[in-house]
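So the structure is just underneath, and the comments pick up after that.
As the structure lists them, so they are numbered: ligands from 1, and atoms in each ligand from 1.
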Amino acid sequence: MLKTEHICVNFGGIKALVDVNINVKPGNIVALIGPNGAGKTTLFNVITGFITKYSGKVFFKNENISYKPPNVIYQKGISRTFQNLKIINEVTIKDNLILGLLKKKIKKYYFKNFFRFDKKFRKEIEQTLDYTLELFGISEWKDKTPDEAPYGVLKYLELARSYLSSPALLLLDEPAAGLNNFEKEKMIELIKKLKNEGITILMVEHDMNFISSLADKVYCLNFGKIIAEGSYIEIRNNPEVLKAYLGDEDA
Ligand SMILES: Nc1ncnc2c1ncn2[C@@H]1O[C@H](COP(=O)(O)OP(=O)(O)O)[C@@H](O)[C@H]1O
Ligand SMILES: [Mg+2]
């Protein structure tokens, strides 16, 4: 589903990614772990086209999508969430969700001409939104603005928005971060649901319970390099991984 070849990114003097090769099989959940600053978000930005200054290649379903801009990559079927939420604060939760339909059902002119569309079309959209709000458990918040909702609801909203674009591949940047244990369990269930619908998932995460519950495969990045790959069990006991997280002596 996704393959990167020899990805390198430099920010001034900082080598953020060094020869990164990953391979994500269709239907799998793959986790990307590593200490802060390891380059995880940078790799997401390369794959989704938010960074185009890099060397190496990115393949999506065997198509070379290297250096393409985010809108093109999104149209091809890769969707993402953000480590720092990207949500519009001035409109309701439900109106934020509409953005997820931009790709398929609604063209750009929808936003200008919504009220000129016939009732049937509007009803269809309303039904899709209501169904999705229900699926992600955020119906009761739909008419609130984001600043009135708990952080967990906003994380579910971002996931729901990505889901609405019917991605083949979903990139989740720290889906568990900032959630309490109850919210984390619900997030795990939601991600399992998306997997069951056939969506392939690559996620950056630190939470080990999260990873052990979900990941078919784990990559560990440290200082821009992949230092280990394998199952959760293999990675958990890998001395290089322990060293990267804990430092030499503690490991
Ligand atoms: N836009 C940028 N400009 C300059 N340096 C950046 C930029 N984005 C990330 N970096 C640097 O690249 C490294 C990797 O960052 P990042 O990918 O955000 O790490 P992670 O997500 O693993 O915590 C860090 O040293 C970070 O400071
Ligand atoms: Mg990050």
(message) Suppose I only count heavy atoms of Asn36 and a 4.0 Å limit; which atoms of ligand 1 are within that range?
(response) 23 (O)
(request) Could you tell me the separation between the CD1 atom of Ile93 and the CZ atom of Arg161, rounded to the nearest 0.5 Å? (result) 11.0 Å
(request) Starting from atom 9 (C) of ligand 1, locate the nearest protein heavy atom and write down its residue, its atom name and how far away it is, to 0.1 Å. (result) Phe11 CE1, 3.5 Å
(request) Taking atom types as modelled, find out whether Tyr245 and Lys243 have a side-chain donor-acceptor pair closer than 3.5 angstrom. (result) no
(message) For Glu197 and Tyr163, which I'm curious about, is there any donor-acceptor pair between the side chains at under 3.5 Å?
(response) yes
(message) So if I apply the salt bridge (Lys or Arg N to Asp or Glu O under 4.0 Å) rule between Glu63 and each of Lys57, Lys76, Lys3, Lys68, which one comes out positive?
(response) Lys76
(request) Measure the distance from atom 19 (O) of ligand 1 to every protein heavy atom, then report the residue, atom name and distance (to 0.1 Å) of the closest one. (result) Gly39 N, 3.2 Å
(message) the Mg ion (ligand 2) and Gln83: any N/O/S contact shorter than 2.8 Å?
(response) yes
(message) What protein heavy atom lies closest to atom 18 (O) of ligand 1? Include the residue and the distance to one decimal.
(response) Thr41 CB, 3.8 Å
(request) Tell me which protein heavy atom sits closest to atom 15 (O) of ligand 1, plus the residue, atom name and distance to 0.1 Å. (result) Thr42 OG1, 3.8 Å
(request) Enter the distance from Cys220:SG to Ile227:CD1 here, rounded to the nearest 0.5 Å. (result) 4.0 Å
(request) Answer yes or no for Lys86 and Phe82: cation-pi contact, defined as NZ/CZ to six-membered ring centre under 6.0 Å and angle to ring axis within 45°. (result) yes
(request) Look at Thr41 and state whether any of its N, O or S atoms is less than 2.8 Å from the Mg ion (ligand 2). (result) yes
(request) Give, for atom CG of Leu171 and atom CD1 of Ile78, the distance between the pair rounded to the nearest 0.5 Å. (result) 7.0 Å
(request) Run the numbers for me: atoms of ligand 1, each under 4.0 Å from some heavy atom of Ala38, listed by number. (result) 19 (O), 20 (P), 22 (O)
(message) Within ligand 1, which atoms have a heavy atom of Ala16 less than 4.0 Å away?
(response) 12 (O)
(message) For Thr81 and Asp173, which I'm curious about, is there any donor-acceptor pair between the side chains at under 3.5 Å?
(response) no
(request) Note the single closest protein heavy atom to atom 25 (O) of ligand 1, along with its residue, its atom name and the distance in Å. (result) Ile14 CG2, 4.0 Å
(message) Give me the residue, atom name and distance of the protein heavy atom closest to atom 13 (C) of ligand 1.
(response) Gly37 O, 3.7 Å
(message) If you scan the protein for heavy atoms around atom 27 (O) of ligand 1, do you find one that is closer than 4.0 Å?
(response) no
